[in-house]
S.K.: 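Could you have a look at this structure, given as structure tokens, before my questions?
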Protein chains: 2
Amino acid sequence: MGKWVTMKDVADLANVGTITVSRVLRTPEKVSEAKRQRVEKAIEELGYVPDNTAGALSSSKSRVFGAIVSTVNDSVFAQTLDGLSSTLRAAGYELLLTSTNYNPEVEEEALRALLARRPDGIVLTSTSHSIGVTKLLDAVSIPVVEVWQLPSEPLDIAVGFSNYQAGYDMARHLINSGCENIAFIGGGCARDVRGLRRREGYKDALKSAGLAPVMWPNEDQAALTGIELGAASFEKCLNVNPHVDAVMCVSDQVAVGVLCEASRRDVDVPNDMSVSGFGGFEVSAPSGFDLTTIAVPGYEIGVASARALLDPEAARAQKVIDVGYKLVERGTT
Amino acid sequence: MGKWVTMKDVADLANVGTITVSRVLRTPEKVSEAKRQRVEKAIEELGYVPDNTAGALSSSKSRVFGAIVSTVNDSVFAQTLDGLSSTLRAAGYELLLTSTNYNPEVEEEALRALLARRPDGIVLTSTSHSIGVTKLLDAVSIPVVEVWQLPSEPLDIAVGFSNYQAGYDMARHLINSGCENIAFIGGGCARDVRGLRRREGYKDALKSAGLAPVMWPNEDQAALTGIELGAASFEKCLNVNPHVDAVMCVSDQVAVGVLCEASRRDVDVPNDMSVSGFGGFEVSAPSGFDLTTIAVPGYEIGVASARALLDPEAARAQKVIDVGYKLVERGTT
DNA sequence: ATCAACCGTGGTATCGATACCAAGCCTGAC
DNA sequence: GTCAGGCTTGGTATCGATACCACGGTTGAT
């Protein structure tokens with residue numbers, strides 16, 4: 001067992017008290033120049049790495065934040081995690097990550113495990129919370145940030161944007177550009193609450209314009225992932241409704257699937273039909289697809305969440321932090 | 001401040017010693033049925049959540065593993081993280097995540113921050129390590145797992161597959177199917193060591209078949225991401241070498257870019273030209289692209305790494321754990 | 001010249017859990 | 001009937017750092 005060097009070892013070598021070593025690390029300005037250099041030299045010499053678990057115990061500040069995500073394997077949350085992680089590390093904090101794989105039953109267990117590490121704050125990507133979860137969170141006094149949506153009643157702080165409004169805006173955009181037979185593909189999965197909200201925005205926009213909404217799939221098709229879902233659903237959609245002149249997709253991935261299927265069927269986009277996506281990540285960037293989409297600032301959500309965690313008082317003044325989105329019009333509409 | 005319930009509170013309510021509470025949580029079989037139920041009831045009643053930081057201090061087992069990844073925002077590592085996280089959580093461990101954003105200078109700092117949490121083990125996705133990093137890792141006695149490659153001299157344990165062999169195999173596959181003018185796109189970025197290895201495999205396969213390798217880009221094009229890089233590079237490639245009959249891509253994303261550009265130029269895949277990718281994630285799945293690719297078991301790498309961390313002795317017996325890959329032939333070759 | 005205020009410094013208690021050791025109880029064997 | 005040995009149980013020390021308080025020495029004001 002390679003024994004860890006302790007603060008006392010450093011203190012002895014530098015001929016100071018342990019507390020002085022602690023101060024050199026946390027509040028160097030309160031230590032005289034001479035001793036500080038002695039201590040720093042001793043730290044270097046011994047290769048001392050402080051033990052934050054011990055520090056957490058005595059100061060009741062762990063300098064760790066916890067995150068519970070549905071999945072890491074989705075550029076959607078991945079960008080946010082990158083933003084979170086980078087911002088937090090710059091401030092001297094670490095990120096404890098747990099993924100639930102979209103299984104809501106795991107959430108409470110995961111939260112319990114997270115709380116056992118006494119984090120200074122928590123980030124949640126999940127949308128609805130069991131009463132066990134709510135109870136646990138109520139009992140603690142640390143900041144809780146919900147991301148990627150704007151609940152009307154946030155648990156504590158929310159950072160995101162309105163999925164409903166995004167769906168509404170895109171539908172309006174299609175309507176304004178002359179489309180009259182607009183289908184919506186994806187968003188039929190009950191667990192994807194955010195996708196559902198976008199679909200509702202779409203529905204309301206069509207209704208208020210006097211148009212009939214057409215949606216695929218209505219049943220839960222969790223087995224299919226983005227691109228495949230898009231291709232398969234578009235095919236079905238065409239069978240039922242051959243005169244569709246616009247397809248609004250729940251995600252960029254789905255939109256890519258639609259575009260592929262369209263090109264295979266010689267449907268000319270955008271002349272015969274418009275297609276829109278959602279996300280604004282790589283797949284929709286100025287590439288072969290040139291997809292009109294809603295660009296969501298995933299990384300920014302991470303950064304804003306980190307700021308909220310680091311300064312919860314300021315964030316709580318707002319409660320709900322809207323980072324917005326951007327409708328990016330490109331070649332498919 | 002919502003005060004945390006401590007083990008002593010539980011012990012007092014259940015009328016036992018604190019140590020008995022500890023045993024109920026860690027080794028319940030050593031506690032009599034009656035007391036165990038009393039303690040469990042008290043835990044439930046008080047909503048007690050144990051403090052693992054305190055436990056880590058006294059047992060010098062943190063039940064946390066650290067991971068340093070280049071980026072979360074890449075399905076490549078994301079699947080591995082999912083596998084890691086799931087397997088570790090099932091065993092009662094947590095994952096401390098740090099991303100370096102492909103900046104090798106951050107690695108040492110990140111590692112230092114990670115070690116300050118006294119993890120029970122570490123996972124690295126980075127390929128080469130500075131001497132500072134090596135020194136830090138030498139000083140500790142915890143398992144260190146390097147993933148997604150098979151270094152000849154692993155620091156401790158390695159879990160992955162041979163990128164060189166994967167490149168070689170795919171090139172052989174193209175040669176065997178009759179291609180004679182095979183270009184390689186991507187993998188020119190010096191920081192992407194794994195891509196470079198695949199490209200070397202390609203080069204050697206061509207050489208040993210008496211064919212001339214053709215590669216784009218040779219300069220560092222970090223600014224372009226996958227799809228765009230594929231589209232742009234393919235264009236240049238065609239200008240220089242219009243008779244190319246196969247394009248081997250460093251990743252599926254790049255391959256998608258190539259396919260898009262090909263379809264725009266009315267190049268018929270696979271009749272005029274074959275295209276292959278690497279990765280085997282969503283984008284290459286049975287979708288519109290039907291891409292021939294090398295499928296890498298990203299999730300499996302995570303699971304195997306977790307096992308190695310949990311039982312380092314068994315893993316060290318192997319040192320290098322090869323999870324392999326699969327050449328998936330589909331419609332583009 | 002005297003005293004208050006302040007700065008740098010160290011000693012000691014403390015955070016919440018677990019390791020270690022010792023004690024009490026019960027069972028079974030002689 | 002007595003004693004050994006196994007089982008459960010609790011007391012106390014401990015992990016490594018920080019909070020709190022107290023001390024000596026210096027500075028500035030009166």
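In what follows, every chain begins at residue 1, and chains take the letters A, B, ... in the order their sequences are listed.
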S.K.: Could you state the interatomic distance from CG (B/Leu81) to CG (A/Leu97), rounded to the nearest 0.5 Å?
M.R.: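 With rounding to 0.5 Å, CG (B/Leu81) is 7.0 Å from CG (A/Leu97).
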S.K.: Taking any heavy-atom pair under 4.0 Å as a contact, classify A/Ser60: base, sugar-phosphate, or nothing.
M.R.: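 Nothing, no nucleic acid heavy atom in range.
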S.K.: Is there a side-chain polar atom (N or O) of B/Thr20 under 4.0 Å from OP1 or OP2 of D/dG10?
M.R.: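 Checking B/Thr20 against D/dG10: at least one side-chain N or O falls below 4.0 Å of OP1 or OP2.
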S.K.: Whether the side chain of B/Ser85 engages the backbone of A/Thr98 through a donor-acceptor N/O pair (distance < 3.5 Å, no angle test) should be reported.
M.R.: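 Absent.
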S.K.: Starting at atom CD of A/Glu33, determine the distance to atom P of C/dC7, rounded to an integer number of angstrom.
M.R.: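 Rounding to the nearest Å, CD of A/Glu33 and P of C/dC7 are 18 Å apart.
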S.K.: Under 4.0 Å between any heavy atoms, over every strand shown, what does B/Val21 touch: base, sugar-phosphate, or nothing? Just pick one.
M.R.: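 No contact at all - B/Val21 keeps every heavy atom at 4.0 Å or more from the nucleic acid.
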S.K.: Go through the structure and list residues passing side-chain hydrogen bond (donor to acceptor under 3.5 Å, both in side chains) with B/Glu300, not counting sequence neighbours.
M.R.: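 Result, side-chain hydrogen bond (donor to acceptor under 3.5 Å, both in side chains) vs B/Glu300: none returned.
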S.K.: Could you give me the CA-CA distance, side-chain angles and deciding distance for B/Lys8 and B/Asp12, then say whether salt bridge (charged side-chain N to carboxylate O under 4.0 Å, His left out) is met?
M.R.: CA-CA 6 Å; B/Lys8 180 148 194 321; B/Asp12 288 349; 3.1 Å; yes
S.K.: What's touching nucleotides 13-15 of chain C from the protein side, N or O pairs under 3.5 Å?
M.R.:
from	atom 1	to	atom 2	distance (Å)
C/dC15	O2	A/Ser58	N	3.3

S.K.: Roughly how many Å is it from NZ in A/Lys8 to C1' in D/dT18, rounded to a whole number?
M.R.: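 My rounded result for the distance is 16 Å.
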S.K.: Please check: side-chain N/O of A/Thr125 versus main-chain N/O of A/Ser70, any donor-acceptor pairing under 3.5 Å?
M.R.: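 Pair found, side chain donor or acceptor close to backbone of A/Ser70.
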S.K.: Measure CG/A/Asp9 against C1'/D/dG16 and give the value in whole Å, please.
M.R.: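 Checked: the CG to C1' distance equals 11 Å.
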S.K.: If the test is side-chain hydrogen bond (donor to acceptor under 3.5 Å, both in side chains), which one of B/Glu146, B/Lys135, B/Glu108 qualifies with B/His129?
M.R.: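 It is B/Glu146; the other options fail the test.
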S.K.: Report yes if a side-chain nitrogen or oxygen of A/Ser22 is closer than 4.0 Å to either non-bridging phosphate oxygen (OP1 or OP2) of D/dA17; otherwise report no.
M.R.: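 No, no such contact exists.
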S.K.: Please determine whether a side-chain nitrogen of the Lys or Arg among B/Glu313 and B/Arg316 lies less than 4.0 Å from a carboxylate oxygen of the Asp or Glu.
M.R.: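 Salt bridge: yes.
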S.K.: CZ of A/Arg36: more than 12 outside heavy atoms within 6.0 angstrom?
M.R.: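 For A/Arg36, atom CZ is crowded (more than 12 foreign heavy atoms under 6.0 Å).
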S.K.: Whole-Å distance between C/dT18 C1' and B/Lys30 NZ?
M.R.: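 Value for this atom pair: 12 Å.
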S.K.: Distance check needed: C/dG8 C1' versus A/Arg26 CZ, whole Å only.
M.R.: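 In whole Å, C/dG8 C1' lies 20 Å from A/Arg26 CZ.
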S.K.: Whole angstrom is fine here: how far is it from CG in B/Leu115 over to C1' in D/dA17?
M.R.: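 Atom-to-atom, B/Leu115 to D/dA17, this comes out as 17 Å.
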S.K.: Side chain of B/Met7 only, please: which of C/dG8, D/dC20, C/dT18 is the nearest?
M.R.: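 The nucleotide sitting nearest to the side chain is C/dT18.
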S.K.: Can you tell me the distance, in whole Å, between the CG atom of B/Leu25 and the C1' atom of C/dG16?
M.R.: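 From B/Leu25 CG to C/dG16 C1': 13 Å.
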S.K.: Under 3.5 Å, which N/O atoms of the protein pair with N/O atoms of nucleotides 21-27 of chain D?
M.R.:
none

S.K.: Can you spot which of B/Val145, B/Val69, B/Val147, B/Leu155 makes a side chain to side chain contact (heavy atoms under 4.5 Å, CB included) with B/Leu124?
M.R.: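 So, applying the side chain to side chain contact (heavy atoms under 4.5 Å, CB included) to B/Leu124 and each of B/Val145, B/Val69, B/Val147, B/Leu155, only B/Leu155 qualifies.
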S.K.: Given the side-chain rings of A/Phe161 and A/Trp148, with only the six-membered ring counted for Trp, is the space between their centroids under 6.0 Å?
M.R.: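 Yes, the ring centres sit under 6.0 Å apart.
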S.K.: Can you check the A/Gln37 CD to C/dG8 P distance for me, whole Å?
M.R.: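 It is 15 Å, rounded to the nearest whole Å.
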S.K.: Given B/Val106 and B/Ile68, is the side-chain contact (heavy atoms from CB on, under 4.5 Å) satisfied, shown in steps?
M.R.: CA-CA 10 Å; B/Val106 186; B/Ile68 301 185; over 6 Å; no
S.K.: So, is A/Lys35 close to the C/dG10 phosphate, meaning a side-chain N or O under 4.0 Å from OP1 or OP2?
M.R.: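 Result: yes.
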S.K.: Apply side-chain hydrogen bond (donor to acceptor under 3.5 Å, both in side chains) to A/Thr18 and list each qualifying residue two or more places apart in sequence or on a separate chain.
M.R.: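 Applying side-chain hydrogen bond (donor to acceptor under 3.5 Å, both in side chains) to A/Thr18 gives none.
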S.K.: If you count heavy atoms of other groups shown closer than 6.0 angstrom to NZ of A/Lys41, is the number above 12?
M.R.: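 Counting neighbours around NZ of A/Lys41, 12 or fewer heavy atoms of other residues, nucleotides or ligands fall under 6.0 Å, so no.
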S.K.: List in numerical order all residues of residues 44-53 of chain A for which some heavy atom is under 4.0 Å away from an atom belonging to DNA chain D.
M.R.: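 Residues of residues 44-53 of chain A under 4.0 Å from DNA chain D: A/Tyr48, A/Pro50, A/Asp51.
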S.K.: Which of parallel (below 30°), tilted (30 to 60°) and perpendicular (above 60°) describes B/Tyr93 and B/Phe65?
M.R.: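 Answer is parallel, since the angle falls under 30°.
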S.K.: Please report how far the helix from C/dA1-D/dT30 to C/dC30-D/dG1 bends, comparing the axis fitted to its first five pairs with the axis fitted to its last five, to the nearest 10 degrees.
M.R.: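 Rounded to the nearest 10 degrees, the bend comes out at 40°.
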